[in-house]
Amino acid sequence: MSGARPAGQRRVVVVGGGLAGLAAACELVDRGARVTLLEARARLGGATFSFDRDGLTVDNGQHVLLRCYTEYRAFLDRIGVGDRIAIQDRFRVPVVDADGRTGELFRTGLPAPLHLGAALTRYGLLSWADRARVSVAVARLRSLDPADPRLDDRSFGSWLAQHGQRRPAIDALWNLITVAALNTDVDDASLALCVMVFRTALLVRSDAADIGVPGVPLGRLHGDPAGAYLRGAGAEVRLRSAVRRIRRSGEGFEIEVDGETISADAVVVAVPSDVAASVLPDGALADPSAPAKLGSKPIVNVHAVYDTRVTDSSFTAVVGSPVQWVFDRTDTAGVTSGQYLAVSLSAAGEWIDEPVARLREVFLPELARLFPKAEPARCQKFFVTRERRATFHQSPGSSRWRPTAHTLLPGCVLAGAWTATGWPDTMEGAVRSGNNAARIVDAQLARTVLGSAV
Ligand SMILES: Cc1cc2nc3c(=O)[nH]c(=O)nc-3n(C[C@H](O)[C@H](O)[C@H](O)COP(=O)(O)OP(=O)(O)OC[C@H]3O[C@@H](n4cnc5c(N)ncnc54)[C@H](O)[C@@H]3O)c2cc1C
């Protein structure tokens with residue numbers, strides 16, 4: 001162990017090149033560490049990536065951000081791509097239901113929570129009585145503390161039922177947000193995480209929920225520019241480098257990658273929850289079985305390219321239909337005529353194993369029902385992307401399986417959207433975890449240097 005080196009020259013290995021690992025690596029190089037990033041796959045970006053298919057650049061799944069994603073947006077600025085996302089001036093979501101009725105969720109310029117008052121008053125997809133009940137529940141929700149551990153043991157659905165929320169309000173409002181944000185239905189969602197989401201996005205700051213959509217494919221937003229940033233700053237980025245195991249070695253670590261062993265003073269482990277225990281050094285976690293207990297939930301995206309434009313909305317939320325959210329991907333994917341729609345299906349257990357032909361049978365008629373111009377249009381391309389382990393299962397009790405960044409071994413630090421970030425499994429949670437891991441490593445290495453100097 002090279003204890004005499006100043007902290008800035010210590011070698012830190014980051015395992016995993018998703019958003020958490022990329023954020024950690026960028027923060028560490030900026031703090032002067034010698035960084036090696038090891039990523040198992042042939043590309044960076046982890047759960048956010050793009051690929052080419054029939055002349056289209058396709059994302060593995062539609063990603064959106066909110067204005068309250070402060071560390072994620074700062075990360076984009078750091079790697080020089082902050083201008084590749086378009087954020088709404090004001091939160092606005094057009095909603096349609098299966099009978100063709102329309103509604104709109106939007107904010108006014110009033111301070112929170114009054115900024116949503118007009119939208120709720122005018123939300124025609126709910127009866128007046130349900131709108132009134134929603135207002136009462138919102139006031140109660142606002143008073144809950146997401147850090148109260150008792151909330152995590154309870155489902156959001158049971159809390160909503162206790163507070164007078166009926167099926168129409170759950171379908172047309174609560175689940176519209178919960179399923180998209182937490183990748184699970186209200187009945188299966190941790191109350192603590194739901195309180196966090198609703199408070200942070202909708203009830204505390206008026207501009208927090210303004211929606212941002214990437215203006216470029218995900219690969220050009222995360223993996224490619226982050227890789228360039230790291231290489232430019234002198235970091236070593238190795239792709240196709242799956243770490244087999246990390247071992248303690250003196251005061252540092254040995255990282256075993258495909259027949260080679262790399263030494264490091266510290267290591268940030270930013271791999272998915274089901275992989276963490278197999279690569280972490282012995283003794284790192286008090287309960288090595290905890291991360292895998294988080295489980296996972298799938299997201300499916302159904303992609304349809306029409307020969308003509310079928311909707312003017314850049315995105316639409318849908319109620320009472322298997323379609324959940326529809327995004328216009330035309331410009332982002334490089335389509336020059338017609339329109340490319342991606343239907344994002346969260347909590348997609350029902351669809352994940354269905355063959356493409358069956359999904360086509362269900363979703364094309366449904367899109368034609370929701371967007372009448374799609375009826376006469378010709379669907380030129382239809383395909384499906386499936387992410388079986390899109391997020392961890394954000395169910396009641398899940399917080400007990402989310403470890404903090406600190407392991408039992410100083411110098412070995414965890415990152416990942418699934419760790420105890422206080423956020424759901426999101427891009428913001430991933431970046432926060434990476435930044436936090438880098439700060440911890442930096443502080444621990446500085447202490448080692450000071451310790452070895454006295
Ligand atoms: C389809 C889909 C839609 C989503 N939509 C949204 C959205 O709209 N908004 C939002 O905020 N979030 C969304 N998310 C969630 C978001 O993408 C994740 O929370 C975030 O990307 C997770 O980042 P991460 O770095 O924690 O994990 P990951 O991205 O999983 O990164 C882990 C990395 O570790 C690598 N790895 C694994 N094993 C090893 C090994 N042994 N050695 C080296 N490397 C290894 C993996 O290849 C991967 O690159 C979505 C996710 C999906 C899949």
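Whatever order the structure lists them in is the order used to number ligands and atoms, beginning at 1. The first residue in the sequence is number 1, and the count goes up from there.
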| Member of D425, T426, N183 meeting the side-chain hydrogen bond (donor to acceptor under 3.5 Å, both in side chains) criterion with T391 | N183
| task | Answer yes or no: does an N/O atom from A430 fall short of 3.5 Å to an N/O atom of ligand 1? | result | no
| At a 4.0 Å cut-off, with the gap strictly under it, does some heavy atom of L19 reach an atom of ligand 1? | yes
| request: Look only at the side chain of D59 and the backbone of G61, and say whether a donor-acceptor pair between them is shorter than 3.5 Å. | output: no
| field | Sub-4.5 Å side-chain heavy-atom contact between F156 and F198 | value | yes
| query | For ligand 1, is there an atom lying under 4.0 Å from some heavy atom of R244? | reply | no
| Pi-cation contact, F91 with R107 (under 6.0 Å, within 45°) | no
| Applying a strict 4.0 Å limit to heavy atoms, is S241 in contact with ligand 1? | yes
| query | Taking atom 31 (O) of ligand 1 as the point of reference, which of G18, A276, G434 owns the nearest heavy atom? | reply | G18
| Taking the non-hydrogen atoms of A270, is any one of them nearer than 4.0 angstrom to ligand 1? | yes
| Any protein heavy atom sitting closer than 4.0 Å to atom 27 (O) of ligand 1? | no
| query | What's the shortest distance from atom 34 (O) of ligand 1 to any protein heavy atom, and which residue and atom give it? | reply | G16 CA, 3.4 Å
| said: Could you check whether atom CZ of R309 has more than 12 heavy atoms from other residues, nucleotides or ligands sitting under 6.0 Å from it? | reply: yes
| note | Heavy-atom proximity to atom 9 (N) of ligand 1 ranks first, among T426, N60, V64, for V64
| query | Can V12 and R34 be said to form a side-chain contact (heavy atoms from CB on, under 4.5 Å), step by step? | reply | CA-CA 6 Å; V12 183; R34 278 201 306 139; over 6 Å; no
| With a 4.0 Å cut-off on heavy atoms, does Y69 reach ligand 1? | yes
| query | Side-chain donor-acceptor pair under 3.5 Å between E236 and T36, yes or no? | reply | yes
| said: Is there a polar contact between ligand 1 and T391, counting only N or O atoms under 3.5 Å apart? | reply: no
